[in-house]
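Reading through the structure tokens given below for one structure.
Everything quoted here is computed from the prediction, not taken from an experiment.
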Amino acid sequence: MSFDPDPRGGGARRTGAAGRDRGTSRGTAGRRAGAPRQAADPRRGKAGGPPRTGRPAPAGGGRDRPGGRPRTGGQARPGGTGGRRRGVPPAMFYGTAAVLAVVVLGAVAFLVLNGGSDPRRPARPAGPAAGGSVPAVYSDAPSTPTFDVIGERSADGSPLTADEVFPRGRTTLTDGTTHARLELRDQRIDTDCAEAVWGAVAADVLRKAGCTQAVRGVYADEKKGYAALFAVFNLAHAVDTGRFVHTITPGTGSGFVRPLPAPAPLDGFGRGFGMARGAAMGHYAVVAWVQRLDGTGDAKDPSLISLLVTAGNAPAVYGRVAAHR
């Protein structure tokens with residue numbers, strides 16, 4: 001008797017008549033006794049033999065069904081799954097979740113940085129302050145023939161400089177009547193002239209007049225108790241300067257020149273009684289504003305009248321006139 005390998009994968013089998021007879025009788029006895037017969041699986045070589053592939057048999061003894069639907073019509077075996085569910089691959093699931101997280105975080109950051117505003121709504125442009133202080137007494141004057149040589153900016157194109165308006169060594173206003181010596185405490189040049197005024201009307205007049213510079217300086221003599229504001233605006237034409245100094249007349253609500261922010265006691269400038277004068281000097285508009293630090297005074301105060309004339313002097317503008325003669 002010899003052993004030959006079974007080519008169908010059923011294991012070793014005996015050869016010879018005795019082996020064949022014994023195997024036949026066993027199979028017949030099993031069928032007569034009513035034992036269940038295991039169906040051959042196409043993935044297996046022979047019933048009861050090892051699978052041809054490394055794939056394990058489905059849990060619960062059932063076959064895989066297309067679409068992952070469980071077997072119906074019967075009760076699932078304990079511990080079984082009733083079929084394998086097909087879902088989104090893990091790599092695709094986590095990749096999609098990561099993308100969504102980035103989008104959500106980006107939207108939150110945009111809202112935080114933009115204060116939660118609608119991105120389709122245009123940002124409001126910066127403009128002049130809606131309200132501010134004005135002097136109690138004001139007068140204005142148009143340009144005179146003295147300034148005709150600088151009546152247009154096209155004939156006087158170079159911009160004003162800080163050293164020209166506030167020359168070094170000459171930053172003190174000396175008044176003969178009050179004997180006050182007002183020292184320059186702060187200065188500023190704005191290319192956006194709307195920054196130097198309050199009131200939409202005043203700012204609009206400056207814009208239409210082609211204003212390119214607004215120069216301001218604040219002076220004070222704390223011992224004598226006086227303060228002064230000096231401002232000069234660089235417009236396109238003498239007609240424009242005359243219109244501007246008249247537009248800012250107090251009581252019209254059009255606006256006025258804004259005092260420079262300054263520490264005490266100049267932080268109260270603009271409150272109390274004050275006098276101011278606007279003068280058109282060619283294409284420059286000059287505004288002077290004076291008051292006592294304690295806010296007292298009246299329209300006939302000789303000290304304030306004298307100080308207003310002193311503060312309204314504009315050496316830089318007169319220098320331009322002399323340079324063009």
Taking [Y] as the starting point, is it possible to reach [X] by hopping between hydrophobic residues whose side chains are less than 4.5 Å apart?
{"X": "Y284", "Y": "I189", "value": "yes"}
{"X": "V239", "Y": "V149", "value": "no"}
{"X": "L184", "Y": "V290", "value": "yes"}
{"X": "L160", "Y": "I150", "value": "yes"}
{"X": "L304", "Y": "V134", "value": "no"}

ask   = Does any pair with a residue in residues 212-235 pass ring pair (Phe, Tyr, Trp, His ring centres under 6.0 Å), and if so which ones, sequence neighbours excluded?
value = F233-F244

side-chain hydrogen bond (donor to acceptor under 3.5 Å, both in side chains) partners for [X], two or more places apart:
{"X": "D221", "answer": "none"}
{"X": "N313", "answer": "none"}
{"X": "S306", "answer": "D175, T177"}
{"X": "S143", "answer": "none"}

Using side-chain heavy atoms (C-beta onward) and a distance below 4.5 Å, is [X] in contact with [Y]?
{"X": "R216", "Y": "R258", "value": "yes"}
{"X": "V245", "Y": "Y138", "value": "yes"}
{"X": "T241", "Y": "F147", "value": "no"}
{"X": "P135", "Y": "M275", "value": "no"}
{"X": "T174", "Y": "T310", "value": "no"}
{"X": "R320", "Y": "M281", "value": "no"}

task = Begin with the C-alpha distance, continue with both residues' side-chain angles, and end with the deciding distance and a verdict on side-chain contact (heavy atoms from CB on, under 4.5 Å) for S303 and R292.
result = CA-CA 9 Å; S303 297; R292 297 179 186 271; 3.8 Å; yes

Show me the donor-acceptor pairs within less than 3.5 Å that the side chains of residues 166-173 make with the rest of the protein, sequence neighbours left out.
unit_1 : atom_1 : unit_2 : atom_2 : d
T172   : OG1    : E183   : OE1    : 2.7
T172   : OG1    : E183   : OE2    : 3.0

inquiry  = Could you go through R185 and L266, starting from their C-alpha distance and side-chain angles, then the distance that decides it, and tell me whether this counts as side-chain contact (heavy atoms from CB on, under 4.5 Å)?
reply    = CA-CA 9 Å; R185 299 300 178 85; L266 287 173; 3.9 Å; yes

message = Can you see whether D294 engages T296 through a side-chain donor-acceptor pair at a distance of less than 3.5 angstrom?
response =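 Yes, a side-chain donor-acceptor pair sits under 3.5 Å.
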
query = Quick one: do R188 and D186 make a salt bridge, cutoff under 4.0 Å?
reply =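 Not counted as a salt bridge, because no side-chain N and carboxylate O are separated by less than 4.0 Å.
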
query = Salt bridge check: are R153 and D156 linked by an N-O gap of less than 4.0 Å?
reply = no

ask   = Are W289 and F256 close enough that their ring centers fall under 6.0 Å?
value =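 Centroid distance W289-F256: below 6.0 Å, so yes.
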
